[in-house]
Amino acid sequence: MPELPEVEVVRRGLDAHVSGRVISAVEVLHPRAIRRHLPGAADFSARLSGQTMLAARRRGKYLWVDLDGPGTTDGEAMLAHLGMSGQMLVQPADAPDEKHLRVRITFADQGSELRFVDQRTFGGLALSDIVEVDGTRLPEPVAHIARDPMDPRFDPEAAVKALRSKRTEIKRALLDQTLVSGVGNIYADESLWRAKLHGLRRADKLTKVKAAELLTHATAVMNEALGQGGTSFDALYVNVNGQSGYFDRSLSAYGQEHKPCTRCGTVIVREPFMNRSSFSCPTCQPKPR
DNA sequence: CACTGGTCCTGGTGGC
DNA sequence: TGCCACCAGGACCAGT
């Protein structure tokens, strides 16, 4: 399940392996893989062909590659969201097609191919115009996404203020990509465990200090995951070269149901949350009444 | 307007 | 062994 650290690993891989290369052809094998691109898959393929891939960029869990093509005033980018199971693979042209290969991009240099593989098709690609928001160039569909904690211009005080402006539960606020981006279910549970907060606590009732502490933990846990190549739970997530991350061995709360809390020994519990699950320690993270 | 909760999708798993 | 319900979950969007 790619979250910010995993997407950053993929970004680095793309930057290393596809930047500067001229696209020769784009083959869309599953129309659903082209998202937010109203003119459709054929238009996506036609307009991408001939363009050169420039720098690979990221905000939160969104990933994009700047393009040199004509585009509009501010240019265009190939935007990607990996969803739950998306992978960007750089493969030799003669490698057999993956079972869930959705898009194949070939280059004029006739070297390796860039493949978008996605089992559950929650992810997708798009060709998007670039717009400028708060001094940063972003693909139009990313314009509403807040800066993530890895962003050099991330403003912790503004993020605390945004979180505390919500009358909803803190976990839901933490997952809201318009407040702080890059935090998904796994790192939300991990940072709540570190901050000793139950996810059902009201966001607007947290003190500034506690909210800031939570953000600091979120940043730290994602940095640690990045240092280890991202979290991985199964073969679904692999980085741009097909290698899995190993951070899952370091998780303290997420997926740890029935295991003792490493801090106090109480058994970690799983609770339903928004049609998914939350994991927490009942002792360290008491539920609000 | 702010907030809530349903929905999309597929493959692996576990119960019967 | 076969069938089926359930689960994973990010982001969008209709409904309250």
Side-chain angles (χ1 to χ4, degrees), chain A residues 1-8 10-11 28-38 58-64 79-88 98-103 116-126 128 138-146 148 161-192 199-205 218 222 225 230-238 244-245 247-248 251 253-258 269-280:
Chain A
M1 299 70 182
E3 293 193 23
L4 185 153
E6 293 80 4
V7 178
E8 174 59 17
V10 174
R11 188 201 66 77
V28 178
L29 294 98
H30 192 306
R32 242 189 99 79
I34 305 305
R35 297 283 183 103
R36 306 154 173 265
H37 189 82
L38 291 178
R58 182 189 57 74
R59 171 169 285 195
K61 289 171 272 198
Y62 281 91
L63 183 66
W64 66 94
L79 179 65
H81 196 294
L82 302 178
M84 279 188 65
S85 53
Q87 306 168 10
M88 286 287 193
E98 291 74 13
K99 186 175 178 187
H100 301 291
L101 177 62
R102 307 305 190 194
V103 181
F116 178 66
V117 176
D118 189 12
Q119 177 200 107
R120 294 173 205 171
T121 65
F122 268 41
L125 308 182
S128 306
L138 301 170
E140 190 275 329
V142 184
H144 66 293
I145 301 294
D148 62 66
K161 193 175 176 185
L163 283 176
R164 294 180 71 240
S165 74
K166 295 291 169 179
R167 301 158 63 88
T168 188
E169 301 104 28
I170 184 59
K171 180 165 174 182
R172 186 154 184 149
L174 202 51
L175 294 174
D176 185 339
Q177 305 296 302
T178 68
L179 306 178
V180 180
S181 70
V183 182
N185 201 40
I186 297 168
Y187 297 118
D189 277 4
E190 289 303 300
S191 42
L192 286 164
L200 293 180
R201 295 274 294 273
R202 283 259 304 253
D204 57 338
K205 298 285 171 59
M222 289 195 291
T231 301
S232 175
F233 297 92
D234 47 40
L236 285 179
Y237 169 72
V238 287
S244 295
F247 187 64
D248 54 309
L251 295 176
Y254 184 86
Q256 306 302 302
E257 188 184 17
H258 303 318
V269 298
R270 178 169 73 95
E271 293 165 318
F273 172 78
M274 287 171 65
N275 285 332
R276 54 202 59 141
S277 295
S278 285
F279 298 87
S280 63

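The sequence lines fix the lettering, A, B, ..., with proteins before strands; numbering per chain opens at 1.
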Between A:S165 and A:F122, name the one whose nearest nucleotide on DNA chain B is closer to the 5' end.
A:S165
If you count every heavy atom of other residues, nucleotides or ligands that lies below 6.0 Å from A:R202 atom CZ, does the total exceed 12?
yes
Nearest-Å distance for atom pair CG/C1', residues A:L82 and C:dA8:
16 Å
Answer whether the closest heavy-atom distance between the side chains of A:S280 and A:D189 falls below 4.5 Å.
no
With the side chain counted from C-beta on, respond yes when A:L174 and A:S191 share a heavy-atom pair under 4.5 Å apart, and no when they do not.
yes
side-chain contact (heavy atoms from CB on, under 4.5 Å) evaluation trace for A:V117 with A:H100:
CA-CA 5 Å; A:V117 176; A:H100 301 291; 4.1 Å; yes
Give A:H144 one of three labels, base, sugar-phosphate or nothing, depending on what nucleic acid heavy atoms sit under 4.0 Å from its own.
sugar-phosphate
In this structure, how many angstroms lie between the P atom of C:dC7 and the CZ atom of A:F279, rounded?
11 Å
With heavy atoms under 4.0 Å as the rule, sort A:N275 into base, sugar-phosphate or nothing.
base
Is the shortest distance from a Lys or Arg side-chain nitrogen in A:D148 or A:R58 to a carboxylate oxygen in the other one below 4.0 Å?
yes
Output, in order, the C-alpha distance, side-chain angles, deciding distance and verdict of side-chain contact (heavy atoms from CB on, under 4.5 Å) for A:V7 and A:Y62.
CA-CA 8 Å; A:V7 178; A:Y62 281 91; over 6 Å; no
Between A:R59 and A:W64, does the side-chain contact (heavy atoms from CB on, under 4.5 Å) criterion hold? Intermediate values first, please.
CA-CA 9 Å; A:R59 171 169 285 195; A:W64 66 94; 4.0 Å; yes
Interatomic distance where CG belongs to A:D189 and C1' belongs to C:dA8 [whole Å]
13 Å
Could you tell me whether A:Y62 contacts a base, only the sugar-phosphate backbone, or nothing, with contacts defined as non-hydrogen atoms closer than 4.0 Å?
sugar-phosphate
Hey, which sits more toward the 5' end of DNA chain C by its nearest nucleotide, A:R172 or A:S277?
A:S277
End axis versus end axis in the helix from B:dA2-C:dT16 to B:dC16-C:dG2, the angle rounded to 10°, five pairs used at each terminus
50°
Please give, in whole Å, the distance from C:dA11 P to A:D118 CG?
13 Å
Once you round it to whole Å, what is the distance between P of C:dG10 and CG of A:D148?
15 Å
What are the two closest heavy atoms between A:L175 and A:A188, and how far apart are they?
CD2-CB, 3.9 Å
Considering only heavy atoms from C-beta outward, does the side chain of A:M88 approach that of A:L125 to under 4.5 Å?
yes
Which is true for A:R167 with a 4.0 Å heavy-atom rule: it touches a base, it touches only sugar-phosphate, or it touches nothing?
sugar-phosphate
Below 4.0 angstrom from OP1 or OP2 of C:dG10, is there any side-chain N or O of A:Q177?
no
Paired with A:F279, the side chain to side chain contact (heavy atoms under 4.5 Å, CB included) test is passed by just one of A:E271, A:Q256, A:E257, namely A:E257
Compare all side-chain heavy atoms of A:K171 with those of A:N185 and state whether any distance is below 4.5 angstrom.
yes
First contact, last contact: which nucleotides of DNA chain B are these for chain A, 5' to 3', heavy-atom distance under 4.0 Å?
B:dC3 to B:dG11
I'd like to know if A:R276 reaches the base of C:dG10 with its side chain such that a donor and an acceptor end up less than 3.5 angstrom apart.
yes
Can you tell me how far the CZ atom of A:R172 sits from the OG atom of A:S278, to the nearest 0.5 Å?
12.0 Å
So what does A:R35 hit on the nucleic acid, given a heavy-atom distance under 4.0 Å: a base, only sugar-phosphate, or nothing?
nothing
Output a table of nitrogen or oxygen pairs between the protein and nucleotides 14-16 of chain C separated by less than 3.5 Å.
none

